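Keep in mind the model is a prediction, meaning the values are calculated, not measured. Position 1 is the first residue of the sequence; numbering continues from there. Atoms within a ligand are numbered from 1 in the order they appear, just like the ligands themselves. What you see below is based on every heavy atom in this structure, not just the backbone, and it leaves out hydrogens, waters and symmetry mates.
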Amino acid sequence: MAKVKSSFFCQNCGAQFPKWAGKCTSCHEWNTIVEEIIQKEEKRNWKSSNSAKRVNKALQIHEISTLQEDRIHTNNHELNRVLGGGLVQGSVVLLGGEPGIGKSTLLLQIALLMKQKVLYVSGEESQSQIKLRAERLKGINPNCLILTETKTQNIFKTMEEIVPDVLVIDSIQTLHTDFIEASPGSISQIRETTAELIKFAKETNTPVVLIGHITKEGTIAGPKILEHMVDVVLQFEGDRNHTYRILRAQKNRFGSTAELGIYEMQSTGLREVTNPSEVLISEKDTDLTGTSIAATLEGMRPLMIEVQALVSTAVYGTPQRSSTGYNLKRLNMLLAVLEKRAGFRLGAKDVFLNIAGGLNVEDPAIDLAVVCAILSSNEDVAIPQNFCFAAEVGLSGEIRAVNRVEQRIIEAEKLGFEKIILSKFNKIPSKNHKIELIKVSKIEDVVKVLF
Ligand code: TYD
Ligand code: MG
């Protein structure tokens, strides 16, 4: 019998230690180090019979043939966009996201829509549960096979029989391999099963999509090393109480990480949102005070987002400041700028800020829209509906330039806005825009234009 080998792993960061300690020296977390049995055997391969020792030859760079990356188009444009044009053959994609956000739904839906043969392996749900879900999604793909299995060796055996074009695993935390005795979901199991899957993907040239759970802190559960091992890391995020979901690439060896996909969760699955700006701006008949529209960019995609503010006299001693979808510290900073540089008395007022659609915006170009929404509510004067904003506000009340301004202008124009307020310092390539560009340099200028 092989000697039982064990090692100690931090369950938080995945660092390995020869002996137990109370505190992880790598991530400084307490009580996260756990002993795991790693009984290794020499002959370990995804294919039990494959023991041929092949040694690769080193080549000069010009000798290497540049095969055009073979991509599988997934029939889901938003996913294709985020992946950089489709699933690359032999690549391993990790999809992370909070529980209940829709990871299984997204992948099952894609599997059901694909023309290629897909093997969907679930360790979390039974076949009948998956059938029920598939009935909701109304997809029928005779090429989509469902397997409930958690042992990697059995999955590989099935793969050898049916030879699918794409393998989907839901989720990596439920898998276990025979060669390691630690329980499923532990650091060493996750690491080994992922390594086996990657080896399998590279040797058979089959793309593998893995679902990964997320910890409280928002990182993919399991070692950080997992993110280093795979080719693509996708993050599925959104507010569970809202219907919009954003698919982002955190790492992509075959494309840009600036792209993002937008979906809407419906009772029949996830709908692709191809024109996000139109959905995010609410319809209204009359001009309302306290709302403004910002021309923002999420990654590479321009998005017109509605900012809503409410300013009212504080009933209690300490005024309240609350913000949804926008950084509260930044809101406080903008309020201080308005107080000090533009002379608005907001110190004794409650200020509430909300970004419509449940989105979380980090683009600084939304600053000016935030300021204008606050002023509009404070002065009780509505901002005309044909106005939008794209500029950052600095500490001295100056209106600063933003990046990719051209893209923002085009999006605003496309949606029928007639005036966009920008920084004077933004260099705009001379082009005839139908939309009127209003250039300002200080908050006072904006106030003059609007109120
Ligand atoms: P799920 O894919 O199970 O989440 P995850 O795998 O990320 O944990 O998503 C479950 C949620 O999605 C659940 O709250 C119900 C909702 N849902 C819909 O709104 N419409 C649908 O068609 C489906 C299948 C699920
Ligand atoms: Mg799931």
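Remark: the Asn354 side chain and the Gln308 side chain contain an N/O donor-acceptor pair separated by less than 3.5 Å. Between the side chains of Arg408 and Asn403, at least one donor-acceptor pair of N or O atoms lies under 3.5 Å. Side-chain contact annotation: Glu98 with Gln235, donor-acceptor N/O pair under 3.5 Å absent.
Under 4.0 angstrom from ligand 1, there are no non-hydrogen atoms of Ile211. The parts of Ser104 lying near ligand 1 are both backbone and side chain, judged by heavy-atom distances below 4.0 Å. At a 4.0 Å heavy-atom cut-off, ligand 1 touches Lys103 through backbone and side chain alike.
Distance check: Ile262 CD1 to Glu78 CD gives 6.5 Å after rounding to the nearest 0.5 Å. We find the CD-OG1 distance between Glu192 and Thr152 to be 9.5 Å, quoted to the nearest 0.5 Å. Taking CZ of Arg301 as the start and CD of Glu411 as the end, the distance is 9.0 Å to the nearest 0.5 Å. To the nearest 0.5 Å, atoms CD1 (Ile169) and CG (Leu175) are separated by 5.0 Å.
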Side-chain donor-acceptor distances from residues 13-26 under 3.5 Å, at least two apart:
| residue | atom | partner | partner atom | Å |
| --- | --- | --- | --- | --- |
| Gln16 | NE2 | Ser7 | OG | 2.9 |
| Trp20 | NE1 | Ile33 | O | 2.9 |

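The residues Asp350 and Arg321 are annotated as not salt-bridged, no charged nitrogen and carboxylate oxygen being separated by less than 4.0 angstrom. Taking the charged nitrogens against the carboxylate oxygens, Arg248 and Glu259 have no contact shorter than 4.0 Å, which rules out a salt bridge. The residues Lys115 and Asp165 are annotated as not salt-bridged, no charged nitrogen and carboxylate oxygen being separated by less than 4.0 angstrom. Looking at Glu161 and Lys157, no side-chain N of the basic residue comes within less than 4.0 Å of a carboxylate O on the acidic one, giving no salt bridge.
For ligand 1, one of its N or O atoms has an N or O atom of Gly102 under 3.5 Å away. Polar contact with ligand 1: present for Gly100 (N/O pair, distance under 3.5 Å).
The shortest contact between atom 15 (C) of ligand 1 and any protein heavy atom is with Arg136 NH1, 4.6 Å. Looking only at heavy atoms of the protein, atom 2 (O) of ligand 1 is closest to Thr105 OG1, 2.6 Å.
For ligand 1, the atoms lying closer than 4.0 Å to a non-hydrogen atom of Gln266 are 18 (C), 19 (O), 20 (N), 21 (C), 22 (O). Near Ile101, with a cut-off below 4.0 Å to any heavy atom, the atoms of ligand 1 are 4 (O), 7 (O). Within ligand 1, the atoms closer than 4.0 Å to a non-hydrogen atom of Glu98 are 7 (O), numbered from 1 in the order shown. Below 4.0 Å from some heavy atom of Thr268 lie the following atoms of ligand 1, by number and element: 22 (O). Close approach to Ser267 involves these atoms of ligand 1, each under 4.0 Å from a residue heavy atom: 20 (N), 21 (C), 22 (O). Taking a cut-off of under 4.0 Å to the non-hydrogen atoms of Pro99, the atoms of ligand 1 that pass are 8 (O). Below 4.0 Å from some heavy atom of Met265 lie the following atoms of ligand 1, by number and element: 12 (O), 16 (C), 17 (N), 18 (C), 19 (O), 20 (N).
A donor-acceptor distance shorter than 3.5 angstrom exists from the side chain of Thr204 to the backbone of Phe200, with no hydrogens or angles considered.
Contact annotation for atom 21 (C) of ligand 1: protein present (non-hydrogen atoms, distance under 4.0 Å).
Distances from the Mg ion (ligand 2) under 2.8 Å pick out these protein N/O/S atoms: Ser104 OG.
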